[in-house]
Amino acid sequence: MRAKFPFLHNILDTLVTLCGDVRDKCPVIPPQATSIHWPLPDPVKATGTEKEKLQAFRKVRNKIKDNLFELVQNYK
């Protein structure tokens with residue numbers, strides 16, 4: 001993040017990661033930033049029929065939406 005978007009390091013106050021790989025490999029988080037991790041399954045790894053795969057994407061999408069709504073409601 002720092003090399004590609006150096007300005008974010010100064011203004012970032014909340015960082016949300018969604019899957020384990022990102023959390024484990026995330027670049028340095030600015031000290032003023034709050035880090036939140038939502039351990040969601042990667043829908044790209046879903047197996048089954050096309051309908052089942054699409055359902056996996058929708059389930060993760062809906063969980064992100066719900067989590068964002070809750071985050072915004074609790075933002076201080």
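Treat the numbers as computed from the prediction; the structure is a model and nothing was measured.
- Contact detail for Y75 and T14: the closest heavy-atom pair is CE1-OG1, 4.5 Å.
- Counting heavy atoms from C-beta on, the side chains of D66 and W38 never come closer than 4.5 Å.
- With values rounded to the nearest 0.5 angstrom, L68 atom CG is found 11.0 Å from K63 atom NZ.
- In this structure, CZ on F57 lies 13.0 Å from CG on N62, to the nearest 0.5 angstrom.
- Remark: K53 NZ to R58 CZ distance equals 15.0 Å, nearest 0.5 Å.
- Once rounded to the nearest 0.5 Å, the distance linking CD of Q55 with OG1 of T49 reads 10.0 Å.
- When each of L40, V60, I36, D42 is checked for a side chain to side chain contact (heavy atoms under 4.5 Å, CB included) with L18, only L40 meets the rule.
- Between the side chain of E70 and the backbone N or O of N67, no donor-acceptor pair lies under 3.5 Å.
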